[in-house]
Amino acid sequence: MRTSTLAVAVLLLLPATALANHTVNPDRLDGTFTLVDKDQGTNNQLDFTVEGTENSATGTVTGNAGTDVVVITYETIFPDKFSANDRGAAVSQGNQVHVTLQFFPGLGNPEPPYTGQAAPNQCKMSAKIRDNEINDPDDPDKSQARLRCDLGRGLSRLDDDDVPATPGDPSQAVLDAVEAAFAARKDVKVRTSTGLLQIKHDGEAP
């Protein structure tokens, strides 16, 4: 089958960039956005990425137990669902959300720092962002995230290295610090005795 002379001429007249680069849905929300909880500020932060085929959300909560600092991070590694348009985006994962717990001892505390990670089956997360102002595209001003996990009694599902066969449970001192760091918070619930971890984020642009 021969290609028509007209078709060849049209192809030759098209610039190379028009063939190589295509703008797909230029009106869709696009970028990486950081929003903070309206009550806790940067102590409860959500980073939401919606860039082409890369779609994810990462939440971070920070608390203090005296001079000790506890940071919990949760993120979607393999989202089950994702949607986006020119005003908002949403992502969710039904199990195995990646959770990281970090403990930083304050001055004078002999307890060593601790970092433990887990992706338990009984762990789900959802997050969404929305732009409520029409005149500022690609600038979301509202966000929401929810996490619920079972990290096992004594947070035993956390592991402090890359070797699953070795235990990595946090010490009792770390567990006490985790409980104390979020005891007065309404956005974070941690019960180290049962392994329950719940985080709520209702955010806005900083």
Side-chain angles (χ1 to χ4, degrees), residues 32-49 56-77 93 95-127 129 142-206:
T32 297
F33 309 98
T34 298
L35 297 101
V36 299
D37 187 79
K38 58 186 179 183
D39 294 325
Q40 293 294 331
T42 56
N43 285 331
N44 185 334
Q45 179 173 300
L46 180 70
D47 296 304
F48 200 110
T49 297
S56 63
T58 300
T60 305
V61 292
T62 304
N64 294 85
T67 59
D68 300 335
V69 178
V70 177
V71 179
I72 300 174
T73 303
Y74 57 101
E75 56 186 327
T76 58
I77 302 297
Q93 188 164 322
N95 55 30
Q96 289 196 300
V97 177
H98 189 255
V99 176
T100 301
L101 185 146
Q102 294 174 286
F103 165 77
F104 303 97
L107 290 175
N109 187 343
E111 186 71 16
Y114 172 85
T115 298
Q117 300 181 75
N121 286 325
Q122 296 182 17
C123 194
K124 58 183 179 180
M125 171 188 173
S126 62
I129 55 176
K142 297 294 180 183
S143 59
Q144 186 180 82
R146 297 291 185 266
L147 174 80
R148 183 182 178 90
C149 276
D150 179 1
L151 296 176
R153 292 183 178 181
L155 308 186
S156 58
R157 291 194 172 95
L158 293 173
D159 196 353
D160 62 358
D161 58 28
D162 294 327
V163 184
T166 60
D169 303 352
S171 67
Q172 188 59 51
V174 173
L175 296 179
D176 292 343
V178 172
E179 290 267 9
F182 300 105
R185 296 268 291 267
K186 294 182 178 181
D187 58 321
V188 182
K189 180 184 292 185
V190 186
R191 292 177 182 167
T192 60
S193 59
T194 63
L196 173 68
L197 171 63
Q198 284 184 307
I199 297 175
K200 295 181 180 180
H201 166 95
D202 291 295
E204 56 192 7

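On a predicted model such as this, the values are computed, not experimentally measured, just so you know.
The closest donor-acceptor contact from the side chain of Ser56 to the backbone of Thr49 lies at 3.5 Å or more, if one exists at all.
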side-chain contact (heavy atoms from CB on, under 4.5 Å) between Leu101 and Val174, intermediate numbers included: CA-CA 10 Å; Leu101 185 146; Val174 173; 4.2 Å; yes
Working for side-chain contact (heavy atoms from CB on, under 4.5 Å), residues Thr67 and Leu107: CA-CA 7 Å; Thr67 59; Leu107 290 175; 5.6 Å; no
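Here the side chains of Leu158 and Pro170 are in contact, with some heavy-atom distance below 4.5 Å.
If you take OG1 on Thr76 and CG on Leu147, they are separated by 11.0 Å, rounding to the nearest 0.5 Å. Taking NZ of Lys142 as the start and CG of Leu35 as the end, the distance is 10.0 Å to the nearest 0.5 Å. Annotation: the span from Phe48 atom CZ to Ile129 atom CD1 amounts to 5.0 Å, rounded to 0.5 Å. Atom OG1 of residue Thr192 and atom CZ of residue Phe182 lie 12.5 Å apart, to the nearest 0.5 angstrom. Taking OG1 from Thr194 and CG from Leu155, the interatomic distance works out to 8.5 Å, rounded to the nearest 0.5 Å. With rounding to the nearest 0.5 Å, the separation of OG1 in Thr34 from CD in Gln45 is 5.0 Å.
Residues satisfying the side chain to side chain contact (heavy atoms under 4.5 Å, CB included) criterion with Val69, sequence neighbours excluded, are Thr62, Asn64, Val71, Phe104. By the side chain to side chain donor-acceptor pair (under 3.5 Å) test, Ser171 is found to be paired with Glu111, residues two or more places apart in sequence or in another chain being considered. Every residue meeting the salt bridge (Lys or Arg N to Asp or Glu O under 4.0 Å) condition with Asp150, not counting sequence neighbours, appears here in chain and number order: Arg157. Asp187 is linked by a salt bridge (Lys or Arg N to Asp or Glu O under 4.0 Å) to Arg185, counting only residues two or more places apart in sequence or in another chain. Judged as a side chain to side chain contact (heavy atoms under 4.5 Å, CB included), and not counting sequence neighbours, the contacts of Ser156 are Asp169. Asn109 pairs by the side chain to side chain donor-acceptor pair (under 3.5 Å) definition with Asp68, not counting sequence neighbours. Contacts of Asp202 classified as side chain to side chain donor-acceptor pair (under 3.5 Å), with partners at least two apart in sequence or in another chain: Gln144, Arg146. Remark: Thr58 engages no residue in a side chain to side chain donor-acceptor pair (under 3.5 Å) (not counting sequence neighbours).
Residue pairs satisfying the salt bridge (Lys or Arg N to Asp or Glu O under 4.0 Å) criterion with at least one member in residues 34-45, sequence neighbours excluded, are absent.
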Could you pull out all donor-acceptor pairs under 3.5 Å where a side-chain atom in residues 112-125 meets a protein atom, sequence neighbours excluded?
from   : atom 1 : to     : atom 2 : distance (Å)
Tyr114 : OH     : Gly168 : O      : 2.5
Gln117 : OE1    : His98  : NE2    : 3.0

